[in-house]
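One-based numbering, in listed order, for ligands and for the atoms of each.
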Amino acid sequence: MIYNENAAIVLSERLKEIKERIAQAALRSGRGDKDVFLVAATKTQPSEIIKEALRTGKIDFAGENRVQELRGHLEDGAYLQVPVHFIGHLQTNKLKYVVGKVKLIQSVDSINLASEVAKQAQKAGVTQDILLELNVAGEESKFGFSPERLDEILPQVSKISGINVRGIMAIPPKQEIPGQNRPYFERLRQVFIDSKAKKYDNVFMDYLSMGMSEDYYDAILCGSNMVRIGTAIFGKREA
Ligand SMILES: *Cc1c(COP(=O)(O)O)cnc(C)c1O
(Lines give C-alpha, C1' and ligand atoms only; values in the text may rest on other atoms or scores of the structure.)
Protein backbone atom coordinates (compact mmCIF):
# COMPACT_ATOMS: atom_id res chain seq x y z
CA MET A 1 0.00 0.00 0.00
CA ILE A 2 1.25 3.46 -0.90
CA TYR A 3 1.23 6.23 1.68
CA ASN A 4 -0.79 9.19 0.41
CA GLU A 5 -3.82 11.19 1.51
CA ASN A 6 -6.15 8.41 0.37
CA ALA A 7 -4.47 5.75 2.46
CA ALA A 8 -6.11 6.86 5.69
CA ILE A 9 -9.58 6.78 4.12
CA VAL A 10 -9.07 3.38 2.50
CA LEU A 11 -7.68 1.87 5.70
CA SER A 12 -10.44 3.27 7.83
CA GLU A 13 -13.16 1.93 5.47
CA ARG A 14 -11.63 -1.51 5.23
CA LEU A 15 -11.19 -1.71 8.98
CA LYS A 16 -14.75 -0.61 9.60
CA GLU A 17 -16.01 -3.47 7.44
CA ILE A 18 -13.67 -6.01 9.03
CA LYS A 19 -14.72 -4.97 12.51
CA GLU A 20 -18.36 -5.36 11.52
CA ARG A 21 -17.76 -8.89 10.27
CA ILE A 22 -15.78 -9.75 13.39
CA ALA A 23 -18.63 -8.45 15.55
CA GLN A 24 -21.17 -10.43 13.55
CA ALA A 25 -19.22 -13.69 13.75
CA ALA A 26 -18.56 -13.14 17.46
CA LEU A 27 -22.25 -12.58 18.07
CA ARG A 28 -23.19 -15.70 16.09
CA SER A 29 -20.83 -17.72 18.25
CA GLY A 30 -22.32 -16.40 21.46
CA ARG A 31 -19.76 -13.72 22.19
CA GLY A 32 -19.27 -10.00 21.80
CA ASP A 33 -16.93 -8.06 19.52
CA LYS A 34 -14.66 -7.25 22.48
CA ASP A 35 -14.01 -10.98 22.88
CA VAL A 36 -12.07 -11.22 19.62
CA PHE A 37 -8.73 -9.46 19.22
CA LEU A 38 -7.64 -8.08 15.88
CA VAL A 39 -3.96 -8.41 15.02
CA ALA A 40 -2.88 -6.46 11.92
CA ALA A 41 -0.35 -8.57 10.00
CA THR A 42 1.96 -5.81 8.83
CA LYS A 43 4.53 -7.66 6.71
CA THR A 44 5.98 -5.60 3.83
CA GLN A 45 4.10 -2.46 4.99
CA PRO A 46 6.03 0.77 5.54
CA SER A 47 5.96 2.40 8.97
CA GLU A 48 3.77 5.29 7.79
CA ILE A 49 1.04 2.92 6.65
CA ILE A 50 1.20 0.94 9.88
CA LYS A 51 0.88 4.13 11.91
CA GLU A 52 -2.07 5.22 9.80
CA ALA A 53 -3.83 1.87 10.31
CA LEU A 54 -3.22 1.88 14.05
CA ARG A 55 -4.47 5.46 14.28
CA THR A 56 -7.98 4.24 13.38
CA GLY A 57 -8.19 2.75 16.88
CA LYS A 58 -9.67 -0.45 15.49
CA ILE A 59 -6.61 -2.68 15.81
CA ASP A 60 -5.59 -4.37 19.06
CA PHE A 61 -2.09 -5.54 18.13
CA ALA A 62 0.40 -5.27 15.30
CA GLY A 63 1.86 -8.59 14.11
CA GLU A 64 5.32 -8.81 12.55
CA ASN A 65 6.72 -11.76 10.60
CA ARG A 66 10.23 -10.67 9.93
CA VAL A 67 12.81 -9.66 12.49
CA GLN A 68 14.31 -7.05 10.21
CA GLU A 69 10.98 -5.34 9.64
CA LEU A 70 10.23 -5.50 13.36
CA ARG A 71 13.47 -3.73 14.14
CA GLY A 72 12.91 -1.04 11.56
CA HIS A 73 9.37 -0.39 12.68
CA LEU A 74 10.37 -0.27 16.34
CA GLU A 75 13.02 2.28 15.45
CA ASP A 76 10.45 4.34 13.53
CA GLY A 77 8.05 4.24 16.48
CA ALA A 78 5.46 2.61 14.24
CA TYR A 79 3.63 0.85 17.07
CA LEU A 80 3.29 3.59 19.62
CA GLN A 81 -0.46 3.05 19.76
CA VAL A 82 -0.65 -0.72 20.31
CA PRO A 83 1.62 -3.55 21.43
CA VAL A 84 3.31 -5.69 18.80
CA HIS A 85 3.37 -9.48 18.46
CA PHE A 86 5.81 -11.62 16.56
CA ILE A 87 3.99 -14.06 14.25
CA GLY A 88 6.65 -15.40 11.86
CA HIS A 89 9.14 -18.24 11.99
CA LEU A 90 11.96 -17.35 14.36
CA GLN A 91 15.59 -18.31 14.16
CA THR A 92 17.37 -18.63 17.48
CA ASN A 93 20.23 -16.35 16.43
CA LYS A 94 17.77 -13.43 16.13
CA LEU A 95 16.03 -13.85 19.47
CA LYS A 96 17.72 -10.91 21.11
CA TYR A 97 15.86 -8.56 18.76
CA VAL A 98 12.50 -10.07 19.64
CA VAL A 99 12.36 -11.37 23.22
CA GLY A 100 11.29 -8.64 25.61
CA LYS A 101 10.59 -6.30 22.68
CA VAL A 102 7.24 -7.83 21.74
CA LYS A 103 4.24 -8.51 23.93
CA LEU A 104 3.64 -12.00 22.57
CA ILE A 105 5.57 -14.41 20.38
CA GLN A 106 2.81 -16.34 18.62
CA SER A 107 5.04 -18.64 16.63
CA VAL A 108 6.95 -20.88 19.03
CA ASP A 109 7.15 -24.06 17.00
CA SER A 110 9.64 -26.30 18.80
CA ILE A 111 10.77 -27.17 22.31
CA ASN A 112 14.22 -25.96 21.38
CA LEU A 113 12.88 -22.54 20.39
CA ALA A 114 10.84 -22.37 23.62
CA SER A 115 14.00 -23.06 25.64
CA GLU A 116 16.03 -20.49 23.72
CA VAL A 117 13.31 -17.85 24.13
CA ALA A 118 13.30 -18.60 27.86
CA LYS A 119 17.08 -18.26 28.08
CA GLN A 120 16.99 -14.92 26.31
CA ALA A 121 14.10 -13.78 28.50
CA GLN A 122 16.02 -14.59 31.66
CA LYS A 123 19.01 -12.75 30.30
CA ALA A 124 16.79 -9.72 29.67
CA GLY A 125 15.12 -10.07 33.07
CA VAL A 126 11.61 -10.59 31.68
CA THR A 127 9.04 -13.34 31.36
CA GLN A 128 8.06 -13.70 27.71
CA ASP A 129 4.49 -14.58 26.78
CA ILE A 130 4.29 -17.09 23.94
CA LEU A 131 1.78 -19.13 21.95
CA LEU A 132 2.55 -22.61 20.71
CA GLU A 133 2.18 -22.90 16.96
CA LEU A 134 0.38 -26.01 15.77
CA ASN A 135 0.71 -27.49 12.30
CA VAL A 136 -2.91 -28.52 12.16
CA ALA A 137 -2.94 -29.96 8.65
CA GLY A 138 0.44 -31.67 8.98
CA GLU A 139 1.85 -29.65 6.07
CA GLU A 140 5.51 -30.28 5.30
CA SER A 141 6.03 -26.66 4.29
CA LYS A 142 4.91 -25.39 7.69
CA PHE A 143 6.39 -25.26 11.13
CA GLY A 144 4.67 -26.20 14.35
CA PHE A 145 3.78 -29.00 16.71
CA SER A 146 1.38 -31.67 15.69
CA PRO A 147 -1.86 -31.23 17.67
CA GLU A 148 -1.61 -34.86 18.81
CA ARG A 149 1.62 -34.04 20.59
CA LEU A 150 0.30 -31.12 22.62
CA ASP A 151 -0.39 -33.37 25.59
CA GLU A 152 3.26 -34.28 25.86
CA ILE A 153 4.54 -30.79 24.94
CA LEU A 154 2.61 -28.82 27.58
CA PRO A 155 4.14 -30.50 30.64
CA GLN A 156 7.57 -29.97 29.08
CA VAL A 157 7.17 -26.25 28.33
CA SER A 158 5.51 -25.80 31.71
CA LYS A 159 8.83 -26.58 33.36
CA ILE A 160 10.81 -23.97 31.43
CA SER A 161 11.15 -20.77 33.43
CA GLY A 162 11.23 -17.46 31.57
CA ILE A 163 8.14 -18.09 29.44
CA ASN A 164 4.39 -18.19 29.95
CA VAL A 165 2.30 -20.12 27.46
CA ARG A 166 -0.79 -18.03 26.71
CA GLY A 167 -2.47 -20.23 24.12
CA ILE A 168 -2.13 -21.67 20.66
CA MET A 169 -1.77 -20.37 17.14
CA ALA A 170 -2.22 -22.08 13.80
CA ILE A 171 -2.07 -21.32 10.10
CA PRO A 172 -4.28 -23.82 8.24
CA PRO A 173 -3.76 -24.29 4.47
CA LYS A 174 -4.65 -21.47 2.13
CA GLN A 175 -8.37 -21.75 1.60
CA GLU A 176 -9.43 -22.62 -1.98
CA ILE A 177 -13.15 -22.84 -1.35
CA PRO A 178 -15.19 -21.05 1.33
CA GLY A 179 -15.60 -23.07 4.51
CA GLN A 180 -12.75 -25.40 3.63
CA ASN A 181 -10.81 -24.74 6.82
CA ARG A 182 -13.67 -25.23 9.22
CA PRO A 183 -12.70 -28.81 10.17
CA TYR A 184 -9.22 -27.54 11.08
CA PHE A 185 -10.65 -24.69 13.12
CA GLU A 186 -12.98 -27.11 14.92
CA ARG A 187 -10.07 -29.40 15.65
CA LEU A 188 -8.04 -26.51 17.05
CA ARG A 189 -10.89 -25.39 19.24
CA GLN A 190 -11.15 -28.90 20.67
CA VAL A 191 -7.42 -29.05 21.36
CA PHE A 192 -7.61 -25.59 22.95
CA ILE A 193 -10.50 -26.57 25.25
CA ASP A 194 -8.86 -29.87 26.21
CA SER A 195 -5.57 -28.15 27.07
CA LYS A 196 -7.35 -25.43 29.02
CA ALA A 197 -8.92 -28.07 31.21
CA LYS A 198 -5.51 -29.40 32.22
CA LYS A 199 -3.64 -27.27 34.71
CA TYR A 200 0.06 -26.80 34.27
CA ASP A 201 2.31 -24.17 35.83
CA ASN A 202 2.94 -21.19 33.53
CA VAL A 203 0.36 -22.40 31.01
CA PHE A 204 -2.67 -20.17 30.54
CA MET A 205 -4.91 -21.05 27.63
CA ASP A 206 -6.19 -17.53 26.99
CA TYR A 207 -5.74 -17.12 23.26
CA LEU A 208 -6.79 -19.22 20.32
CA SER A 209 -5.13 -17.37 17.45
CA MET A 210 -6.56 -18.54 14.13
CA GLY A 211 -8.12 -16.94 11.08
CA MET A 212 -6.63 -14.70 8.38
CA SER A 213 -8.11 -12.48 5.62
CA GLU A 214 -9.88 -15.27 3.76
CA ASP A 215 -11.20 -17.32 6.63
CA TYR A 216 -11.42 -15.21 9.78
CA TYR A 217 -15.21 -15.24 9.81
CA ASP A 218 -15.27 -19.06 9.93
CA ALA A 219 -12.43 -19.12 12.44
CA ILE A 220 -14.41 -16.91 14.83
CA LEU A 221 -17.53 -19.02 14.37
CA CYS A 222 -15.36 -21.95 15.43
CA GLY A 223 -14.10 -20.22 18.57
CA SER A 224 -11.11 -18.09 17.56
CA ASN A 225 -10.54 -15.15 19.87
CA MET A 226 -7.61 -13.67 17.96
CA VAL A 227 -7.51 -13.13 14.19
CA ARG A 228 -4.43 -12.08 12.23
CA ILE A 229 -5.36 -10.06 9.18
CA GLY A 230 -3.07 -8.55 6.54
CA THR A 231 -4.43 -8.45 2.99
CA ALA A 232 -7.97 -7.42 3.94
CA ILE A 233 -6.56 -4.38 5.75
CA PHE A 234 -3.61 -3.35 3.59
CA GLY A 235 -4.50 -4.81 0.19
CA LYS A 236 -2.59 -7.36 -1.85
CA ARG A 237 1.12 -7.60 -1.02
CA GLU A 238 3.76 -7.03 -3.69
CA ALA A 239 6.23 -9.36 -2.01
C1 LIG B 1 0.73 -12.78 6.61
C2 LIG B 1 0.20 -13.49 7.78
C3 LIG B 1 -1.13 -13.36 8.18
C4 LIG B 1 -2.14 -12.55 7.41
O5 LIG B 1 -2.38 -13.10 6.16
P6 LIG B 1 -3.45 -12.44 5.16
O7 LIG B 1 -3.90 -13.57 4.32
O8 LIG B 1 -2.73 -11.39 4.40
O9 LIG B 1 -4.53 -11.89 6.00
C10 LIG B 1 -1.53 -14.02 9.34
N11 LIG B 1 -0.69 -14.77 10.05
C12 LIG B 1 0.59 -14.94 9.70
C13 LIG B 1 1.47 -15.79 10.55
C14 LIG B 1 1.06 -14.31 8.55
O15 LIG B 1 2.33 -14.49 8.19
Side-chain angles (χ1 to χ4, degrees), residues 1 7 10-11 13-22 25 36-46 49-50 53-54 56 58-73 78-79 82-91 94 98 102-110 113 117 129-137 139 141-145 166-182 184-185 188 192 207-222 224-239:
M1 189 166 193
V10 172
L11 285 166
E13 279 171 1
R14 286 180 183 156
L15 278 159
K16 184 164 171 278
E17 192 182 318
I18 291 167
K19 290 292 277 185
E20 281 167 8
R21 288 192 76 215
I22 289 176
V36 179
F37 295 101
L38 172 57
V39 179
T42 52
K43 59 181 169 273
T44 77
Q45 299 305 324
I49 290 290
I50 296 172
L54 298 182
T56 62
K58 292 184 160 61
I59 293 168
D60 299 297
F61 303 104
E64 283 293 344
N65 275 75
R66 296 170 188 152
V67 174
Q68 194 150 353
E69 289 182 39
L70 172 74
R71 293 178 69 190
H73 293 154
Y79 327 110
V82 302
V84 60
H85 292 178
F86 197 80
I87 62 175
H89 181 58
L90 248 180
Q91 283 161 337
K94 298 196 175 143
V98 180
V102 303
K103 180 137 177 93
L104 181 67
I105 300 177
Q106 296 204 8
S107 42
V108 172
D109 52 23
S110 70
L113 182 59
V117 167
D129 280 351
I130 65 163
L131 303 185
L132 298 176
E133 180 173 349
L134 300 186
N135 186 351
V136 67
E139 293 170 278
S141 59
K142 282 189 186 144
F143 296 95
F145 300 100
R166 300 295 305 276
I168 58 185
M169 181 273 250
I171 312 170
K174 188 171 163 45
Q175 179 170 284
E176 306 289 345
I177 45 167
Q180 180 185 300
N181 280 337
R182 279 209 199 183
Y184 293 125
F185 294 141
L188 289 159
F192 179 69
Y207 301 123
L208 176 55
S209 174
M210 58 183 193
M212 320 206 309
S213 291
E214 285 179 12
D215 55 17
Y216 68 92
Y217 193 89
D218 282 339
I220 296 168
L221 288 185
C222 297
S224 167
N225 61 14
M226 187 173 273
V227 293
R228 308 175 312 269
I229 301 182
T231 310
I233 298 174
F234 300 108
K236 214 165 147 37
R237 285 180 291 272
E238 317 270 309

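- Heavy atoms only, all atoms of each residue included: Leu90 and Val98 are closest at CD2-CG2, 3.9 Å.
- Atoms of ligand 1 lying under 4.0 Å from any heavy atom of Ile171, numbered from 1 in the order shown and given with element: 13 (C).
- Nearest protein neighbour of atom 13 (C) of ligand 1, counting heavy atoms only, is Ile87 O, 3.4 Å.
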message = Before you tell me yes or no, could you show the steps for Thr42 and Glu64 under side chain to side chain donor-acceptor pair (under 3.5 Å), namely the whole-Å CA-CA distance, both residues' side-chain angles and the distance that decides it to 0.1 Å?
response = CA-CA 6 Å; Thr42 52; Glu64 283 293 344; 2.7 Å; yes

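- For atom 11 (N) of ligand 1, the nearest non-hydrogen atom of the protein is Arg228 NE, 2.9 Å.
- The proximity of Arg237 to ligand 1, defined as any non-hydrogen pair under 4.0 Å, is limited to the side chain.
- Among the atoms of Gly230, some N or O lies under 3.5 angstrom from an N or O of ligand 1.
- Within a 6.0 Å radius of CD in Glu20, more than 12 heavy atoms belonging to other residues, nucleotides or ligands are found.
- With ligand atoms numbered from 1 in the order given, ligand 1 contributes 9 (O) to contacts under 4.0 Å with heavy atoms of Ile229.
- Nearest heavy atoms, Phe185 versus Cys222: CB-CB, 3.6 Å.
- Here Arg21 does not pair with Glu17 in a salt bridge; the nearest charged N to carboxylate O distance is not below 4.0 Å.
- Contact annotation: for Ser213 versus ligand 1, heavy atoms closer than 4.0 Å belong to both the backbone and the side chain.
- The two atoms that bring Leu131 and Arg166 nearest to each other are CD2-C, 3.6 Å, heavy atoms only.
- With a heavy-atom cut-off of 4.0 Å, Asn65 touches ligand 1 through its side chain alone.
- Residue-level proximity to ligand 1 for Lys43 is carried by the side chain, the only part with a heavy atom below 4.0 angstrom.
- Here is the list of ligand 1 atoms found below 4.0 Å of a heavy atom in Thr231: 6 (P), 7 (O), 8 (O), 9 (O).
- Residues Tyr79 and Ala62 share a closest heavy-atom pair of CD2-CB, 3.6 Å.
- Of the charged side-chain nitrogens involved, none lies within less than 4.0 Å of a carboxylate oxygen, so that Glu69 and Lys43 do not count as a salt-bridged pair.
- Annotation: atom 10 (C) of ligand 1 to nearest protein heavy atom, Met212 SD, 3.2 Å.
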